[in-house]
Amino acid sequence: MPDQSGAGVPVPRPRTLLVKHADVLVTMDGARRELRDAGLFVEGNRIAAVGPMSELPGGADEVLDLAGHLVMPGLVNTHHHMYQSLTRAVPAAQNADLFGWLRSLYRIWAHLTPEMIEVSALTAMAELVLSGCTTSSDHLYLYPNGSRLDDSIAAATRIGMRFHASRGSMSVGEKDGGLPPDALVEDERAILTDTQRLIETYHDARRYAMLRVAVAPCSPFSVSRDLMRESAALARAYGVSLHTHLAENVDDVAFTRERFGMTPAEYAEDLGWVGPDVWHAHCVQLDEAGIGRFAHTRTGVAHCPCSNMRLASGIAPIRAMRDAGVPVGLGVDGSASNDGAQMVAEARQAMLLQRVGFGPDAMSAREALELATLGGAAVLGRDDIGALAPGMAADFVAFDLRQPSFAGGLHDPVAALVFCAPSQAAWSVIDGKVVVREGRLGTLELAPLIERHNALARQLAQAAR
């Protein structure tokens with residue numbers, strides 16, 4: 001009788017990848033080592049070794065000679081609204097604050113379709129990956145015309161990005177004192193049922209997971225307190241993260257105080273929305289007591305400097321948050337309030353904006369890169385990304401230091417990456433697979449994607465007229 005145990009069946013050897021001769025390798029490990037003429041060795045989807053060339057194997061299934069490059073962990077984007085790439089620079093919303101901007105765009109977003117969700121997500125992810133981002137969250141909180149979060153998830157699978165899909169929601173419309181039009185809100189039972197479906201269908205809690213699901217009611221001005229509480233209970237029953245917007249500008253704070261009689265941080269704590277499994281977007285107007293609450297509970301913050309500047313929301317007190325111990329990562333926010341999704345640019349802006357608000361030493365270049373890597377990983381609740389060390393996921397990017405924008409800055413190429421003009425990634429490896437090779441995205445053709453995206457953007461704008 002044949003042996004059914006599987007004994008004696010050879011286990012396939014994982015594919016190997018060797019990176020060699022990087023000019024600088026930024027590890028973001030516990031010692032924050034920056035290694036010269038160094039590399040790393042990958043087995044399958046994890047890093048097996050990092051160090052100088054003398055400590056690495058001599059060969060692999062694929063070898064990347066990255067002389068002339070800076071190699072670092074893939075950047076982590078903790079807050080985005082990818083569908084908004086269809087409504088960049090809309091004239092009616094160009095010079096508005098948060099609430100005016102939203103009111104101008106809700107009427108356009110009401111005409112979104114499932115194809116628009118998927119195509120806009122592909123476009124946003126392509127832009128992110130080409131900027132050095134290997135992991136992104138996305139907060140999709142409106143679902144007109146049959147749209148589903150599944151449409152964004154399909155895009156992430158196709159492009160090969162590590163993805164945290166946030167099931168957003170709005171349930172309180174204008175007639176009940178909320179900001180969004182009544183036509184864009186959902187029934188709360190339906191929201192919770194669909195959120196549970198998505199978690200059970202897609203969420204992967206394992207180490208190195210490519211796809212996770214978060215529970216993400218939109219904001220204090222668009223959902224009820226009951227939905228916030230029930231969403232928290234659902235998320236914790238399944239062990240998934242919680243995400244929402246909080247304290248984005250002074251109007252947001254005023255709404256929370258008037259409607260609930262609390263500060264934003266008090267509101268979050270009252271509803272159970274604090275803890276290491278929670279991250280809030282923006283927190284521009286988080287007060288000193290709120291910073292203390294978030295630090296004590298290890299509640300995360302997604303800092304979105306470009307969007308905060310675009311909407312004149314203010315300067316988030318990131319220096320104070322970091323000094324207090326609040327976990328902080330970077331987010332590009334929606335492409336209609338940033339109009340770009342370039343992670344190196346976001347890190348640069350984070351550094352510059354803290355200096356404008358709090359002095360020239362409020363944030364260094366290396367601190368900005370830490371926000372974009374380790375900080376983002378911590379905010380998303382991951383200990384397997386954000387650093388280059390044995391046992392970590394094989395997510396890393398390389399920037400070509402031989403570009404004109406770096407000329408004269410190579411005495412400190414790590415700082416130059418942030419201080420100089422934002423650079424695109426020359427190489428990107430996600431989960432051990434080369435996704436960007438010599439500056440070209442390898443998982444899909446950009447030209448037809450962009451052409452279709454622009455056609456859908458025109459269609460969307462015309463439908464709202």
Side-chain angles (χ1 to χ4, degrees), residues 78-79 81 137-143 149 164-172 176-180 185-205 209 211-248 252-253 255-257 259-283 286 289-302 326-329 331 378-382:
T78 62
H79 186 63
H81 307 293
S137 66
D138 184 42
H139 190 188
L140 182 61
Y141 56 81
L142 71 177
Y143 299 89
L149 189 58
H164 284 232
S166 299
R167 205 302 181 180
S169 55
M170 299 193 297
S171 66
V172 178
D176 296 316
L179 193 73
V185 303
E186 299 177 89
D187 174 78
E188 295 189 351
R189 283 295 104 199
I191 289 168
L192 293 166
T193 297
D194 189 55
T195 304
Q196 181 175 344
R197 174 190 69 84
L198 288 160
I199 296 169
E200 291 177 348
T201 304
Y202 294 112
H203 181 71
D204 185 354
L211 178 59
R212 289 186 178 169
V213 174
V215 181
C218 185
S219 61
F221 52 82
S222 62
V223 299
S224 73
R225 296 178 71 172
D226 284 345
L227 181 61
M228 292 290 285
R229 288 195 181 96
E230 291 191 51
S231 295
L234 175 66
R236 288 175 175 137
Y238 281 91
V240 304
S241 295
L242 292 151
H243 182 48
T244 192
H245 297 86
L246 197 76
E248 186 167 353
D252 190 3
V253 174
F255 182 96
T256 306
R257 282 187 175 278
R259 179 105 173 184
F260 309 117
M262 301 177 178
T263 68
E266 289 167 345
Y267 165 84
E269 187 171 47
D270 182 62
L271 298 174
W273 276 71
V274 292
D277 57 347
V278 182
W279 87 101
H280 296 275
H282 303 297
C283 296
L286 197 66
I291 291 172
R293 276 187 173 86
F294 278 26
H296 177 71
T297 56
R298 301 295 295 168
T299 303
V301 169
V326 177
V328 181
V379 164
L380 294 183
R382 300 197 69 139

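Computation of the quantities below employed the complete heavy-atom set of this structure, encompassing side-chain atoms and omitting hydrogens, waters and symmetry-equivalent molecules.
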Does any N or O in the side chain of Thr299 come within less than 3.5 Å of the main-chain N or O of Val278, such that one atom is a donor and the other an acceptor? no
Are any of the side-chain heavy atoms of Leu179 and Ser222 separated by less than 4.5 Å? no
Look up atom CD1 in Ile191 and atom OG in Ser171, then write down how far apart they are to the nearest 0.5 Å. 5.0 Å
Results of salt bridge (Lys or Arg N to Asp or Glu O under 4.0 Å) for Glu188 - residues two or more places apart only: none
So Trp279 and Ser166, side chain to side chain contact (heavy atoms under 4.5 Å, CB included) or not? Walk me through it. CA-CA 11 Å; Trp279 87 101; Ser166 299; 4.0 Å; yes
Could you check whether any side-chain N or O of Thr244 sits under 3.5 Å from a backbone N or O of Cys218, counting only pairs where one atom can act as donor and the other as acceptor? yes
Counting distance only, does the side-chain N/O of Asp187 pair as donor-acceptor with the main-chain N or O of Arg189 below 3.5 Å? yes
If you take all heavy atoms of Ser169 and Pro217, which pair is closest and at what distance? OG-CA, 3.4 Å
Looking at Arg229 and Asp270, is any side-chain nitrogen of the basic one under 4.0 Å from a carboxylate oxygen of the acidic one? yes
Taking the six-membered ring for Trp, are the ring centroids of His245 and His139 within less than 6.0 Å of each other? yes
Audit row: Val172, Leu227, side chain to side chain contact (heavy atoms under 4.5 Å, CB included) steps and yes/no: CA-CA 10 Å; Val172 178; Leu227 181 61; over 6 Å; no
Spacing of OG1 belonging to Thr78 relative to NE2 belonging to His243, to within rounding of 0.5 Å: 7.0 Å
Output for pair (Phe260 CZ, Tyr267 OH), nearest 0.5 Å, gives 4.5 Å
Write down the atom of Ala265, the atom of Leu246, and the distance for their closest heavy-atom approach. N-CD2, 4.4 Å
Distance col, row Leu149:CG vs Asp138:CG, nearest 0.5 angstrom, shows 7.5 Å
Strictly under 6.0 Å, is that where the ring centroids of His81 and Tyr141 end up? yes
Considering only residues two or more places apart or on different chains, which pairs with a residue in residues 212-222 satisfy salt bridge (Lys or Arg N to Asp or Glu O under 4.0 Å)? none
Nearest non-hydrogen partners of Phe255 and Gly177, listed with the distance: CE1-O, 3.6 Å
How are the rings of His282 and His79 set relative to one another: parallel (under 30°), tilted (30 to 60°) or perpendicular (over 60°)? perpendicular
Which atoms form the tightest heavy-atom contact between Gly329 and Val379, and what is the distance? N-CG2, 3.4 Å
Atom NE2 of His296 and atom CD of Glu269: how far apart are they, to the nearest 0.5 Å? 8.5 Å
Look only at the side chain of His280 and the backbone of Trp273, and say whether a donor-acceptor pair between them is shorter than 3.5 Å. yes
Look up atom CE in Met170 and atom CD in Glu186, then write down how far apart they are to the nearest 0.5 Å. 8.0 Å
Testing the basics here: between Pro180 and Val185, what is the closest heavy-atom pair and its distance to 0.1 Å? CG-CG1, 4.0 Å
Mind checking whether Asp252 and Ser219 have side chains closer than 4.5 Å, heavy atoms only? no
Give a yes or no answer on whether the side chain of Arg382 reaches the backbone of Ala209 with a donor-acceptor pair at less than 3.5 Å. yes
Nearest heavy-atom neighbours spanning Val326 and Ala295: CG2-N, 3.6 Å
Establish, for the pair Arg167 and Tyr143, whether the NZ or CZ atom is under 6.0 angstrom from the six-membered ring centre and no further than 45 degrees off its axis. yes
